[in-house]
**Q** 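Below is the structure I would like to discuss, written out as C-alpha cells.
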Number of protein chains: 2
Amino acid sequence: MALNRPGPNLGKIAAAVGVSTATVSNALSGKGRVSADLVDTIRKVADELGYVPSQAGRALRTGRSGVLGLVLPDIANPLFPQIAQAMEAAASQAGYGVLIADSRGDVTTQTQAINRLIERGVDGMIIVPRRGTRIADIDCPVAVVDTPSTPGNTVSADHWGGGRQIVEHLGALGHKRLLLIGYDPASNVQNDRIGGMKSALMPDMSAETIWLKNLEQTQGAGCAMGLTGRVQQGFTAFAAVSDLHALRALTELQQAGIRVPEQVSVTGFDDLIFAPVITPALTTIHMNMATIADIAVAALARAIDATITTKPGDKTRKTGGTIVVAETSEVPMELVVRQSSGLPSILLSSQSEGTSVL
Amino acid sequence: MALNRPGPNLGKIAAAVGVSTATVSNALSGKGRVSADLVDTIRKVADELGYVPSQAGRALRTGRSGVLGLVLPDIANPLFPQIAQAMEAAASQAGYGVLIADSRGDVTTQTQAINRLIERGVDGMIIVPRRGTRIADIDCPVAVVDTPSTPGNTVSADHWGGGRQIVEHLGALGHKRLLLIGYDPASNVQNDRIGGMKSALMPDMSAETIWLKNLEQTQGAGCAMGLTGRVQQGFTAFAAVSDLHALRALTELQQAGIRVPEQVSVTGFDDLIFAPVITPALTTIHMNMATIADIAVAALARAIDATITTKPGDKTRKTGGTIVVAETSEVPMELVVRQSSGLPSILLSSQSEGTSVL
DNA sequence: ATGGGATGATTAATCGTTTAACCAACGCTA
DNA sequence: TAGCGTTGGTTAAACGATTAATCATCCCAT
C-alpha cells in the first residue's frame with residue numbers, strides 16, 4: 001500500500017537538479033560541503049516544488065520528533081490558556097511542536113497521558129505538576145513548572161514575591177486587617193502566595209486565612225464566603241490567591257451592598273481575562289508567562305541537544321527522569337493596580353466620606 | 001550518529017521469540033496470519049520487554065502520524081479550555097494525539113500555524129475559524145467547528161437555538177424590554193446567538209442590540225456600558241453572547257447599586273468557569289463540547305481512514321481542501337438557570353417588593 | 001612531477017514499521 | 001498420488017531523511 005505523501009521528497013529534488021539526495025539534504029540543512037551556487041539552485045528548486053521535509057523520515061533517522069509534550073493537571077483551569085499560549089509560542093519559536101495532554105484533575109489519568117506522550121515520541125515534556133505526579137520514571141527531559149518551593153522545579157513565577165507585593169500594596173494604602181483567601185491548602189503555589197502575603201505584613205497589620213475548599217466541603221460548592229460578617233469584624237481587605245476567587249469575593253460583597261473599593265479592597269492573582277473588564281477592575285498580580293515559557297523551552301532544548309551527543313549504539317542509555325534545570329528559576333511577578341483596591345474606609349472616614357467614588 | 005531509542009524494537013522481540021519481525025508486527029496488530037498461541041507468546045514478550053512502537057517508524061511507513069492539529073483563533077479565549085479539553089479527550093479516545101496551534105488573533109499567524117501543522121505531518125485538523133481563515137489550500141482532512149450558518153461548518157453547537165432558549169426563558173419570566181449584548185458584529189457565532197435571541201421574541205417583547213467592540217473603539221477598552229441609563233429607559237434584562245460580557249454587565253450594574261436579579265436580570269453564554277461561583281450565580285447556556293468534539297474527531301477519523309484506501313503510487317492525489325462533513329452538525333445547547341435571572345421588577349412591584357431577595 | 005590538503009560531491013547504510021509477495025507444510029478430495 | 005486450498009510463517013522492499021565513509025578532482029608546495 002505505502003501511502004505516499006502528496007509533496008516531493010529529497011529524491012525528487014535531487015532528480016530535478018541532477019545531484020544525489022545526500023547533496024540536497026546537505027544543501028538544505030547547510031551541513032556538509034556543498035558549493036554556494038549549488039546550494040542556491042537546490043534551494044530554489046525545493047521552493048518551486050513546494051518541498052516540505054517529512055518529519056517522520058527525519059524523526060526516524062535522528063530519533064528526535066521535534067515535539068514537546070505539555071502536561072497539565074487540568075485544562076479547565078482558567079490560567080491554562082495563558083500557559084498553553086505562551087508554551088506554544090516559545091516552542092514554535094524554538095522549532096518544536098506542542099502536544100497537549102490533559103489529566104482532568106486525576107493522577108491516574110495524568111500517568112496515562114504522560115505514557116501516551118512517550119509513545120508519541122516527544123523529545124521532552126513540560127509538566128505543570130499536581131500533587132502526586134510521578135515524574136521519576138519518565139525517560140525524556142522534563143521541565144517542571146510549579147513554584148520555587150517545589151523540589152525539582154525548573155522555572156516558575158515568584159509566587160511568594162507576588163504575595164509580598166500585594167500585601168505591600170495594601171499596607172501602603174493603610175489596610176490593617178486582611179483576609180487571605182486560598183482555595184486548596186494542599187497547593188504549593190497557593191501556599192507560597194499566601195506565605196509571601198504573610199511575610200509582608202507590617203507589625204501593625206494582621207491577617208487571617210480561609211481555604212475555600214474546606215469551606216465547600218461543609219457548605220457545598222459555590223457557597224457564600226460570609227464576607228459581610230468579616231467586614232463587620234473589621235476586615236478591610238480581601239486578598240485572594242486567584243482572580244477567580246477574588247471575583248467570587250467581589251460579587252459577594254457587591255451583592256451585599258458593600259462598596260469596593262470605597263469600603264473594602266479586593267485583590268486577585270494571575271490577571272485572568274476578566275480582571276480588567278469587570279467593575280471595579282481588579283487589582284491583581286500579573287504573571288509573565290512568556291518569559292517562563294521561554295526559559296522552560298530553552299532549558300528543555302538544551303537538554304535535548306545534549307542527548308544527541310551521547311554515543312550511538314548506547315542502547316542502555318537512560319536519559320530518564322532528568323528534570324531539567326534552568327539558570328533562572330524564579331520569574332518576578334508584576335503588580336497591576338486597578339480599581340478594586342483603594343484606601344480603607346477607616347482612613348476615609350477621617351476625610352470627607354465618599355470622595356473617591358469611582 | 002543514529003541516536004537509538006532506549007526501548008526495544010520489533011527486531012528485538014523477534015529475536016527473543018525466534019521469529020521474524022513481520023510475524024511480530026502481524027501478531028501485535030492482529031493483521032496477518034499468526035497462530036493464536038504464537039500471538040500470546042509475542043504479546044507476553046513484548047510486554048516483558050516494555051515494548052512501545054515507534055511512531056516515527058510507523059508514520060514513515062504508513063504515511064499517517066496519528067496526530068491531529070487543533071487550530072484556534074486565540075487561545076486566550078476563555079472558552080478555549082473547554083474546547084481543548086474536549087478535543088484532547090475525544091482524540092486520545094480515538095487514538096490520536098493533539099498538536100495545538102494558536103494564531104493569537106492574527107490571520108497571518110494562523111496561516112503560518114496551519115503550515116507548521118502540515119509540516120509536522122498531521123493527519124487532519126480541527127479548525128475553529130476566524131473570519132478570513134484560508135482553509136481551501138490545506139491538503140489534509142479538515143473539520144471546521146464554528147456555527148451552523150458558517151459555510152462548510154462540520155459540527156458546532158446550535159448557537160441560534162441557544163439564543164432562543166435564553167429569550168424564551170426571559171420571556172417566560174415576564175421580561176419585555178431586552179438589551180442584547182454582543183462583542184464583535186463580525187462574528188458568525190455571536191450573530192447566530194443574537195439572531196436566535198431575536199427570533200424568540202414574543203410580539204409584546206422588544207430588544208435592542210449593542211456591540212461592545214464598537215463601543216470600545218470610541219470609549220476605550222474595558223469601558224462602561226452605560227447600563228444604568230438602560231435600566232432607567234426600562235430595560236429589565238441584559239442578555240450577553242458570552243459569560244464574559246455578562247459578567248461585565250453584572251458587575252457594572254452591581255456597582256451602580258442595581259440589584260440582580262431583583263431589579264434586572266443578566267444572562268450569559270458558554271457556562272464559563274466563574275459562572276456558577278459568582279454572586280448571583282449566572283444563568284447561562286451550556287455547550288456540550290464533549291459531544292461536538294466526538295463528532296468532529298469521528299468525522300475526521302473517517303476521512304483519514306478513507307484516504308488510506310486510495311491507490312498507492314498516486315502521487316498526484318489531492319486530498320486537499322476536503323472539509324469533512326458529519327451526520328450531525330448541530331449539537332443542542334442547554335439552558336442553565338441560576339440566580340442571575342428572575343422576575344422583572346415591573347412584575348414584582350405589583351406584589352410585595354423585595355420578597356425574592358436572594 | 002608528485003605527494004598532500006582542501007574542496008565538492010556520491011554511495012550506501014541506517015532508523016523501525018508495515019505489507020505485498022512468496023514459500024513450505026499439511027490436510028483433504030478426486 | 002496428484003492437485004488444490006488453507007494455514008502459518010518468512011523475505012524483502014519500501015517509506016524519507018541523515019550521515020559516515022568514500023571518492024574524484026584540483027591546487028599548491030616541495
Side-chain angles (χ1 to χ4, degrees), chain A residues 1-15 17-42 46 49 51-66 119-121 123 308-309 311-315 317, chain B residues 1-15 17-42 46 49 51-66 119-121 308-309 311-315:
Chain A
M1 182 147 332
L3 192 63
N4 309 313
R5 298 192 326 137
N9 51 20
L10 281 188
K12 196 146 283 178
I13 299 176
V17 180
V19 294
S20 70
T21 68
T23 302
V24 176
S25 174
N26 283 329
L28 294 177
S29 66
K31 286 205 169 173
R33 289 181 301 210
V34 188
S35 65
D37 41 353
L38 185 51
V39 167
D40 284 348
T41 321
I42 290 176
L49 268 56
Y51 169 73
V52 291
S54 153
Q55 289 291 331
R58 178 174 294 170
L60 181 56
R61 177 63 229 251
T62 62
R64 307 206 291 146
S65 60
E119 287 178 23
R120 291 230 124 72
D123 293 337
I308 207 179
T309 59
K311 283 174 226 61
D314 181 5
K315 297 255 180 188
R317 167 178 60 96
Chain B
M1 182 144 334
L3 192 62
N4 308 313
R5 296 195 326 140
N9 50 19
L10 281 188
K12 197 145 281 178
I13 299 175
V17 179
V19 294
S20 72
T21 68
T23 303
V24 176
S25 175
N26 283 329
L28 294 178
S29 67
K31 286 206 168 172
R33 289 180 301 209
V34 188
S35 65
D37 40 353
L38 185 50
V39 168
D40 284 348
T41 321
I42 290 176
L49 268 56
Y51 169 73
V52 291
S54 153
Q55 289 291 332
R58 177 174 295 170
L60 181 55
R61 177 63 230 252
T62 62
R64 307 207 289 145
S65 60
E119 287 179 23
R120 292 230 123 72
I308 207 178
T309 58
K311 284 175 226 59
D314 182 6
K315 296 254 182 189

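Residue numbers start from 1 in every chain, and the chains themselves are labelled A, B, ... in the order their sequence lines are given, proteins ahead of strands. What you are looking at is a predicted structure, and each value in this text was computed from that prediction instead of being measured.
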**Q** Between atom NZ in B/Lys12 and atom P in C/dT17, what is the gap in whole Å?
**A** 11 Å
**Q** Could you tell me how far apart A/Glu119 (CD) and C/dG16 (C1') are, to the nearest whole angstrom?
**A** 15 Å
**Q** Give one of base, sugar-phosphate or nothing for A/Ser35, where a contact means two heavy atoms less than 4.0 Å apart.
**A** sugar-phosphate
**Q** Drop me the distance from A/Ser35's OG to A/Ile42's CD1, to the nearest 0.5 angstrom.
**A** 8.0 Å
**Q** Which value, rounded to the nearest 0.5 Å, describes the distance between A/Asp123 atom CG and A/Thr62 atom OG1?
**A** 7.5 Å
**Q** Taking CG from B/Asp40 and C1' from D/dG8, how many angstroms apart are they, rounded to a whole number?
**A** 15 Å
**Q** With heavy atoms under 4.0 Å as the rule, sort A/Arg33 into base, sugar-phosphate or nothing.
**A** base
**Q** Show the nearest heavy-atom pair for residues A/Glu119 and B/Gln55, with the distance to one decimal.
**A** O-CG, 3.0 Å
**Q** Take A/Ala36 and A/Thr21, find for each the nucleotide of DNA chain C with the closest heavy atom, and name the residue whose nucleotide sits nearer the 5' end.
**A** A/Ala36
**Q** So, is A/Ser54 close to the D/dA17 phosphate, meaning a side-chain N or O under 4.0 Å from OP1 or OP2?
**A** no
**Q** So which nucleotide from D/dT10, D/dG16, D/dA17 ends up closest to the side chain of B/Leu60?
**A** D/dG16
**Q** Rounded to the nearest 0.5 Å, how far apart are CD1 of B/Ile13 and OG1 of B/Thr41?
**A** 12.5 Å
**Q** For the CZ atom of B/Arg120 and the OG atom of A/Ser65, what is their distance to the nearest 0.5 Å?
**A** 8.0 Å
**Q** To the side chain of A/Asn9, which of D/dG16, C/dT17, C/dT11 is closest?
**A** D/dG16
**Q** OP1 or OP2 of D/dT18 versus the side-chain N and O atoms of A/Arg58: is any pair under 4.0 Å?
**A** yes
**Q** To the side chain of B/Ala22, which of D/dA17, D/dT11, C/dT11 is closest?
**A** D/dT11
**Q** Output the rounded distance in Å from CZ (A/Arg61) to P (D/dA17).
**A** 13 Å
**Q** A/Gln55 CD to D/dG16 P: how many Å, rounded?
**A** 14 Å
**Q** Less than 4.0 angstrom between a side-chain N/O of B/Lys31 and OP1 or OP2 of C/dT19, yes or no?
**A** yes
**Q** Roughly how many Å is it from CZ in A/Arg64 to P in D/dG16, rounded to a whole number?
**A** 22 Å
**Q** Could you check how far CG of B/Asn26 sits from P of D/dG9, rounded to whole Å?
**A** 10 Å
**Q** When the distance from CG of A/Leu10 to C1' of C/dT11 is rounded to whole Å, what number comes out?
**A** 15 Å
